[in-house]
Amino acid sequence: MTLPDFQVCDGDLTDATLSEYLKAPAIAVDTETMGLLPHRDRLCLVQLCNPEGQVTVIHISRGQTAAPNLQILMEATHSVKVFHFARFDVATLRHNLGIVVQPIFCTKIASKLARTYTNRHGLKDVVSELEKVELDKSSQSSDWGNASNLSEAQLSYAANDVRYLLSVQQKLTTMLQREERWQLAQECFQILPTIVALDLLQFKDLFEH
């Protein structure tokens, strides 16, 4: 993609891009992997977007275990990291790159707490309702491991997965505050790192009888 607000980095954020993103009070984040099991399926891409709409896609190579600048950004406590289904992305970043993301806002959790009039809480549905934009999900299940030869459609998909998240976050926050569920949402976000740690240790149904 050759857009002024889009760049691709190999392995990590550049120092200049890190400096720019660190100015933001919130950063939208998403990941693309080879599958849905962090212990088996490697991390391929990390996508970021700031409030100015600047999108960065970071290629993560096979066997890569660190991205120091990305880690600085993801662990910066002054900037909220906004995900859709944070539980998976946060686990993937921790398992693959040793990054402990904080603080966190999950638009999927927020949607389930605020949009109780529907059971459709996928990113496509949330963006469609709140942003009046129809996301193209045709590249969702594709080979993200071929980093040197990603298609225009794949890069567009990756960018759009973060391009609308910050606006969605603001609208969902307004809804949660209006419905007096904002405090509950914040408590849910705060326990996500513990849930992720349990997921990575493969504990299941820990709170069941």
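A heavy-atom distance below 4.5 Å is found between the side chains of Glu75 and Ile99. Using a 4.5 Å heavy-atom cutoff, the side chains of Trp144 and Thr33 are not in contact. The shortest side-chain heavy-atom distance between Ile109 and Leu192 falls under the 4.5 Å cut-off. Side-chain atoms of Asp136 and Asn160, non-hydrogen and from C-beta on, never get closer than 4.5 Å to each other. Residues Thr107 and Val126 are not in side-chain contact: their nearest non-hydrogen atoms beyond the backbone lie 4.5 Å or more apart. Inter-residue side-chain proximity for Val46 and Val29 is flagged as met; some heavy-atom pair is nearer than 4.5 Å. Residues Pro38 and Leu200 are in side-chain contact: their nearest non-hydrogen atoms beyond the backbone lie under 4.5 Å apart. Between Thr173 and Trp182, some side-chain heavy-atom pair lies under the 4.5 Å cut-off.
By the 6.0 Å contact criterion, CD on Glu180 is open, its count of non-hydrogen atoms from other residues, nucleotides or ligands being 12 or less. More than 12 heavy-atom neighbours from other residues, nucleotides or ligands sit within 6.0 angstrom of NZ on Lys171.
Although no hydrogens or angles enter the test, the distance criterion places a donor-acceptor pair under 3.5 Å between the side chain of Asn69 and the main chain of Leu13. Between the side chain of Arg120 and the backbone N or O of Asp125 there is no donor-acceptor pair closer than 3.5 Å. No side-chain donor-acceptor contact under 3.5 Å links Lys204 to the backbone of Gln202. When atom types are taken as modelled, the side chain of Ser142 and the backbone of Ser139 share a donor-acceptor pair closer than 3.5 angstrom. Of the possible polar contacts, none joining the Gln71 side chain to the Ala66 backbone as a donor-acceptor pair under 3.5 Å is found. Proximity of a side-chain donor or acceptor of Asp12 to a complementary backbone N or O of Leu70 within less than 3.5 Å is detected. When atom types are taken as modelled, the side chain of Tyr21 and the backbone of Gln54 share a donor-acceptor pair closer than 3.5 angstrom. Checking side-chain atoms of Gln47 against main-chain N and O of Ala158 turns up a donor-acceptor pair under 3.5 Å. Distance alone, capped at 3.5 Å, is enough to place a donor-acceptor pair between the Arg42 side chain and the Gly145 backbone. Judged purely by atom type and a 3.5 angstrom limit, Gln154 uses its side chain to pair as donor or acceptor with the backbone of Asp143.
From Glu32, atom CD reaches atom CG of Leu155 across 10.5 Å, with rounding to the nearest 0.5 Å. Remark: Lys81 NZ to Met74 CE distance equals 5.5 Å, nearest 0.5 Å. Taking CG of Leu22 as the reference point, atom CG of Asn50 lies at 11.0 Å (rounded to 0.5 Å). In this structure, the separation between CG on Asp5 and SG on Cys49 is 7.5 Å, given to the nearest 0.5 Å. Between the CD1 atom of Ile191 and the CD1 atom of Ile104 there is a distance of 11.0 Å, given to the nearest 0.5 Å. To the nearest 0.5 angstrom, Glu129 atom CD is 10.0 Å from His121 atom NE2.
Listed by first and then second residue, the ring pair (Phe, Tyr, Trp, His ring centres under 6.0 Å) pairs that reach into residues 63-112 are His39-His95, Phe105-Phe189, sequence neighbours excluded.
A side-chain donor from one of Thr56 and Gln7 sits under 3.5 Å from a side-chain acceptor of the other. Defined by atom type and a distance below 3.5 Å, a donor-acceptor pair is present between the side-chain atoms of Gln183 and Glu187. Side-chain contact check for Lys124 and Ser128: no donor-acceptor pair (N or O, by modelled atom type) lies under 3.5 Å.
With respect to Leu45, the side-chain contact (heavy atoms from CB on, under 4.5 Å) criterion is satisfied by exactly one of Leu150, Ile58, Ile60: Leu150.
In this structure, Leu184 is a member of the same hydrophobic cluster as Leu176, with clusters built from ILVMFWY side-chain heavy atoms closer than 4.5 Å. By the criterion of side-chain heavy atoms lying less than 4.5 angstrom apart, applied directly or through intervening Ile, Leu, Val, Met, Phe, Trp or Tyr residues, Val168 is grouped together with Val133 in one hydrophobic cluster.
Summarising the geometry of Ala67 relative to Gly11, their closest heavy-atom pair is CB-O, 3.6 Å, with the distance given to 0.1 Å. Pairing each heavy atom of Leu113 with each of Cys188, the nearest pair is CD1-SG, 4.4 Å. Between Leu166 and Ala28 the shortest heavy-atom distance is CD2-N, 3.7 Å. Across Pro51 and Ala24, no two heavy atoms sit closer than the pair CD-CB, 3.6 Å. The heavy-atom pair separating Ala110 from Leu172 by the smallest distance is CB-CD1, 3.9 Å.
When hydrophobic side chains of Ile, Leu, Val, Met, Phe, Trp and Tyr are connected at separations under 4.5 Å, Leu201 ends up clustered with Leu198, Phe203, Leu206, Phe207.
Taking the salt bridge (charged side-chain N to carboxylate O under 4.0 Å, His left out) definition, one finds that Asp161 meets it with Lys137, sequence neighbours left out.
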